[in-house]
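First up is the structure itself, then whatever we jot down about it.
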Amino acid sequence: MTNEHCGRALACCLIGSLLLTAGAQAFAQEPVRPASIGAPDAAAAADGTFRDALETAALLASGLKVRLNKVRHRVGERLAISVDVPFEGYLNVLSVGPDDVPTILFPNQLHTDNRVGIGAFALPTGQMKQELKATGPQGRMLVAAFLSREALDLQQGGADGRDADGKPLDTLGRLNDAGRRQLEERAAQSFASLVRTAPLLAGVAYGSVCAERGPCDTATLVENQAAGKTGEERVAPGLLLEPEIELGLPQGVRLRRVSDKGIALGKISEGFVGRLYDASGGHCSIAYGHVVKKTRCDGSEPVALQRGVSEEQGEMLLVEDMRRAQRAVMSLVTSELNDAQFAALCNFTYSVGAEKLRSSTLLKAINAGEQQRVPFQWRRWTQLGGKEHARLKLRREREIALYFEGGEVPAGPPAGEDLTPIDIRIGELGEAGEAAPAASQ
């Protein structure tokens, strides 16, 4: 296996393990409203899938541990879910399969009271007195759990699914658009809040449903995953396109960990594709933006990756790739960062590259302690190919929200602040009007 395929020795080891596991107006000058970091815009939210909406909401809110009794289920097999509940509240558990039908597993007709206490929660509950069964269609399955301090009605306005007393007609209900918007709004608020004050905590677990007979492996499931998960509009992380620059840490200093919320942000920003694809610019990639090689996919990629990867395997690749960003931020930032600020900067660096962070005005503002300048310098990095990129704008707002977690985002730029948009593939213009050295493509 060549360095072009793996990039680094550690990434090679990880791939080996997969074989074993099978302009000024464009910049807001008002505080960012939490809802603005949920979906790109109202139209996108309406057109997007329930799966994407629930996954994004669960990753934004984060904080819950959700587990399935098995990673792969045959149709008809028993399905069990466990959630670690850190405080008393109201728990909602939902599942979405490849048909994009959002089923409310809990509460339900057999167990309508979803007030839960601290500790391990198991579904199905004893009160339900019946098992949950894995059902078709076969393919990837997502289970998301949401714990709120106040009761949520995820079927609000869905009178057609309830009787005269307001109880669900079917044993398991369906999430409607109003309920989805409620989760998206609460999740966006939670992402910008400290965990102890967040209105919502959430978690997600991934599984799969296979036919009663036949193959039940990652390759088959990836092949059957929903259409549309291609790399056509995906932007390869700038950090993985540039040569690795020498940014050593002092002897004895350990690499600082990226928080769970920071890893979740990386997953949301990159999006998951379980099979090889060509990202924008023709870079062969897989999972959460992992660059396999800087040319198009042509069948010469490692066999383990040609078979496809699961979300869990993809997260392993993301965590490994993020280490370069961690090292860059620890080496280049001289001011003290809290965990949220460090995670936000690692995500930014992963997106644009370490060399571009090093030559940025954003870094200068952070090292100088000029926090009032930070969001406005951050928002400059929204162009790709000389054009503003909607998903980059959303990504920058989420990174800013994490950087200022639990606090107010400065409302207006200082007088004379440069707000000129920056192309993430070119970098910032220097004093002589020349672009900073571009990363090798």
Side-chain angles (χ1 to χ4, degrees), residues 1-22 98 139-140 206 208 215-245 266-267 269-325 350-356 384-387 389 391-392 423-426 437-441:
M1 193 177 298
T2 65
N3 286 338
E4 183 181 44
H5 286 156
C6 295
R8 306 173 65 201
L10 284 174
C12 288
C13 293
L14 182 57
I15 290 173
S17 74
L18 300 186
L19 282 167
L20 299 176
T21 58
R140 303 299 294 169
Y206 301 98
S208 54
C216 187
D217 53 30
T218 299
T220 303
L221 293 164
V222 167
E223 186 67 26
N224 292 335
Q225 74 179 8
K229 290 288 187 179
T230 66
E232 291 180 0
E233 296 299 322
R234 295 177 182 273
V235 181
L239 185 71
L240 304 184
L241 300 181
E242 68 181 10
E244 188 168 359
I245 59 179
K267 293 169 70 174
S269 299
E270 297 298 335
F272 177 77
V273 181
R275 61 178 182 268
L276 292 166
Y277 67 91
D278 291 321
S280 176
H283 308 291
C284 185
S285 306
I286 198 170
Y288 297 104
H290 176 74
V291 175
V292 180
K293 59 185 181 182
K294 298 174 187 176
T295 56
R296 292 187 177 277
C297 303
D298 58 9
S300 65
E301 299 76 33
V303 175
L305 298 184
Q306 291 184 42
R307 292 173 178 168
V309 299
S310 67
E311 287 89 343
E312 293 82 0
Q313 293 165 335
E315 183 174 342
M316 292 169 62
L317 289 170
L318 174 63
V319 169
E320 179 58 38
D321 288 340
M322 189 68 75
R323 292 180 183 275
R324 287 176 57 181
Y350 187 70
S351 171
V352 307
E355 191 61 65
K356 295 181 180 65
L384 180 67
K387 297 180 180 179
H389 195 280
R391 295 206 65 84
L392 284 177
D423 190 308
I424 65 168
R425 290 292 186 256
I426 297 174
S440 171
Q441 302 295 303

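Worth knowing before you read on, the calculation uses all heavy atoms, side chains too, and leaves out hydrogens, waters and symmetry mates.
- Taking CZ of Arg234 as the reference point, atom CG of Asp278 lies at 12.5 Å (rounded to 0.5 Å).
- Checked options His283, Lys294, Arg324; the residue passing with Leu240 is Arg324 (criterion: side chain to side chain contact (heavy atoms under 4.5 Å, CB included)).
- Heavy-atom minimum distance, Gly274 versus Ile286: O-CD1, 3.9 Å.
- A disulfide (SG to SG under 2.5 Å) check over residues 275-305, counting only residues at least two apart or in different chains, returns the pairs Cys284-Cys297.
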Any chance you could lay out the side chain to side chain contact (heavy atoms under 4.5 Å, CB included) test for Val309 and Phe272, step after step, and finish with the verdict?
-> CA-CA 10 Å; Val309 299; Phe272 177 77; 4.2 Å; yes

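- Shortest non-hydrogen contact noted between Ser310 and Arg140 is CB-NH2, 4.0 Å.
- Atom CZ of Arg391 and atom CG of Leu384 lie 13.5 Å apart (nearest 0.5 Å).
- Contact check for Ser351 versus Val235: no side-chain heavy atoms found under the 4.5 Å cut-off.
- Of the possible donor and acceptor atoms, one in the side chain of Glu301 sits under 3.5 Å from a partner among the backbone N and O of Gly299.
- Every residue meeting the salt bridge (charged side-chain N to carboxylate O under 4.0 Å, His left out) condition with Glu315, not counting sequence neighbours, appears here in chain and number order: Lys267.
- Under the rule for a side chain to side chain contact (heavy atoms under 4.5 Å, CB included), the partners of Ser269 that lie at least two apart in sequence or sit in another chain are Leu265, Arg395.
- The minimum heavy-atom distance between Asp423 and Gly386, with the atom names listed, is OD2-N, 2.7 Å.
- For the atom pair CD (Glu270) and CG (Leu317), the distance works out to 12.5 Å, reported to the nearest 0.5 Å.
- The two residues Leu276 and Leu305 come nearest to each other via the heavy atoms CG-O, 3.9 Å.
- In this structure, Ala287 and Gly314 approach most closely via the heavy-atom pair CB-CA, 3.6 Å.
- Residues Gly308 and Gln313 share a closest heavy-atom pair of O-OE1, 4.3 Å.
- Annotation: side chain to side chain contact (heavy atoms under 4.5 Å, CB included) contacts of Ala325 (sequence neighbours excluded): Leu239, Met322, Cys346, Thr349, Tyr350.
- Distance CD/Glu355 to CG/Leu241: 14.0 Å, rounded to 0.5 Å.
- Within the model, atoms CD of Glu311 and CG of Leu318 stand 13.0 Å from one another, a figure rounded to the nearest 0.5 Å.
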